[in-house]
Protein chains: 2
Amino acid sequence: MKPCIEDERILKQRFLALRDTLDLLSGKWRFCILLNLHYYEKLRFKDFFEVSKGISPKVLTSELATLEAHSLIEKNIEFTPTKDITYYRLTKHAQEIWHVLNTLIEFGLSNRKEVISKLI
Amino acid sequence: MKPCIEDERILKQRFLALRDTLDLLSGKWRFCILLNLHYYEKLRFKDFFEVSKGISPKVLTSELATLEAHSLIEKNIEFTPTKDITYYRLTKHAQEIWHVLNTLIEFGLSNRKEVISKLI
DNA sequence: CAGTATCCAAAGGGATACTG
DNA sequence: CAGTATCCCTTTGGATACTG
């Protein structure tokens with residue numbers, strides 16, 4: 001079985017890029033966090049417990065760290081006379097992700113339609 | 001914290017659709033199988049062990065079953081005088097998935113560029 | 001409030017032997 | 001050849017108590 005691929009190097013890069021993106025979105029909470037940051041613009045650590053119901057602090061910490069490491073979210077500190085408040089926001093770069101999520105959503109909708117039509 | 005969403009029903013559907021798609025692609029082997037079927041057009045059970053190196057028969061069985069349940073692949077049997085051969089193929093509907101995968105790939109590439117540029 | 005630390009349960013996946 | 005069955009390990013995520 002010979003491969004039908006011309007340039008294996010480029011193919012491999014694309015393969016890794018795909019894996020990257022899937023790893024990034026696959027966590028149980030990751031895209032949920034992104035969606036919420038999209039709607040609310042900025043959120044504090046405690047806010048996530050309200051909007052992403054069921055997440056635990058340990059998991060939240062690790063998910064936020066991952067997203068930050070991938071430059072999708074960033075921490076901002078607002079200094080006030082009495083206290084400093086840390087907020088999480090989407091980065092500019094993360095805006096690109098809406099296109100991705102919409103594509104996934106459209107496929108999901110059409111796939112569901114397809115699956116259901118087979119059942120009926 | 002009040003939601004900034006008008007039509008919660010539609011939002012929920014889109015959310016579920018997103019989850020569907022992610023679940024579908026998240027498995028370690030799922031999109032690998034789809035890619036291979038795309039390149040080779042049809043594959044037998046045994047062929048997958050050659051092209052998706054490292055997959056075990058148990059896992060392969062379950063991944064194929066899932067993909068078939070979602071109408072992304074289908075089984076065809078070719079009847080010959082001596083024996084019947086079962087092939088797996090992509091369904092017509094699965095063609096849509098290339099658009100999805102390409103979007104994920106493009107994002108992965110641009111994300112990697114973004115992450116690397118932060119490191120330098 | 002913003003996390004850490006600890007312990008635990010469930011799921012995903014790997015290796016391999018077996019069956020029709 | 002096309003799968004099943006079995007056993008085991010690692011990863012992921014959940015509950016909760018604790019700390020600066």
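Every chain is numbered from 1, with letters handed out A, B, ... down the list of sequences.
Criterion: ILVMFWY side-chain heavy atoms under 4.5 Å apart, direct or through other members. Under it, A:Phe48 and A:Tyr39 are part of a common hydrophobic cluster. Under the 4.5 Å side-chain heavy-atom criterion for grouping Ile, Leu, Val, Met, Phe, Trp and Tyr, A:Ile105 is not connected to B:Leu16 through any hydrophobic cluster. A:Leu11 and B:Ile97 fall within the same hydrophobic cluster, where Ile, Leu, Val, Met, Phe, Trp and Tyr residues are linked whenever their side-chain heavy atoms come under 4.5 Å apart, directly or through other members. Linking Ile, Leu, Val, Met, Phe, Trp and Tyr whenever their side-chain heavy atoms come within less than 4.5 Å puts A:Val51 and A:Leu34 in one cluster.
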When the side chains of residues 22-33 of chain A are checked against the rest of the protein, which donor-acceptor pairs come out under 3.5 Å, sequence neighbours left out?
from	atom 1	to	atom 2	distance (Å)
A:Ser26	OG	A:Leu22	O	2.3
A:Ser26	OG	B:Ser26	OG	3.2
A:Arg30	NE	A:Leu24	O	3.0
A:Arg30	NH1	A:Glu63	OE1	2.9
A:Arg30	NH2	A:Asp23	O	2.8

Under 3.5 Å, sequence neighbours excluded: what are the donor-acceptor pairs made by side chains of residues 67-79 of chain B?
from	atom 1	to	atom 2	distance (Å)
B:His70	ND1	B:Thr66	O	3.1
B:Asn76	OD1	B:Arg89	NE	2.7
B:Glu78	OE2	B:Lys42	NZ	2.9

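If you take CG on B:Leu101 and OG1 on A:Thr103, they are separated by 11.0 Å, rounding to the nearest 0.5 Å. Between atom CG of residue B:Leu43 and atom OG1 of residue B:Thr86 there is a gap of 13.0 Å, rounded to the nearest 0.5 Å.
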field: Base-contact (B) and sugar-phosphate-only (S) positions in nucleotides 10-15 of chain C, heavy-atom cut-off under 4.0 Å, - elsewhere
entry: ---BBB
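A:Phe48 comes within 4.0 angstrom of nothing in the nucleic acid, heavy atoms only. Across all strands shown, A:Tyr87 has no heavy atoms under 4.0 Å from either base or sugar-phosphate atoms.
In 5' to 3' order, the nucleotides of DNA chain D bounding all contacts with chain A (an atom under 4.0 Å from a heavy atom) are D:dG13 to D:dT16.
Among pairs with a residue in residues 90-120 of chain A, those fulfilling ring-ring contact (aromatic ring centres under 6.0 Å, His included) read A:His38-A:Trp98, A:His93-B:Phe107, A:Phe107-B:His93, at least two apart in sequence or across chains.
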- line: Dot-bracket for DNA chain C, 5' to 3', Watson-Crick and G-U pairs with both distances under 3.5 Å, [ ] for crossing pairs, | for partner on another strand, reads ||||||||||||||||||||
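Residue-environment remark: CD (B:Glu41) stays at or below the threshold of 12 foreign heavy atoms within 6.0 Å.
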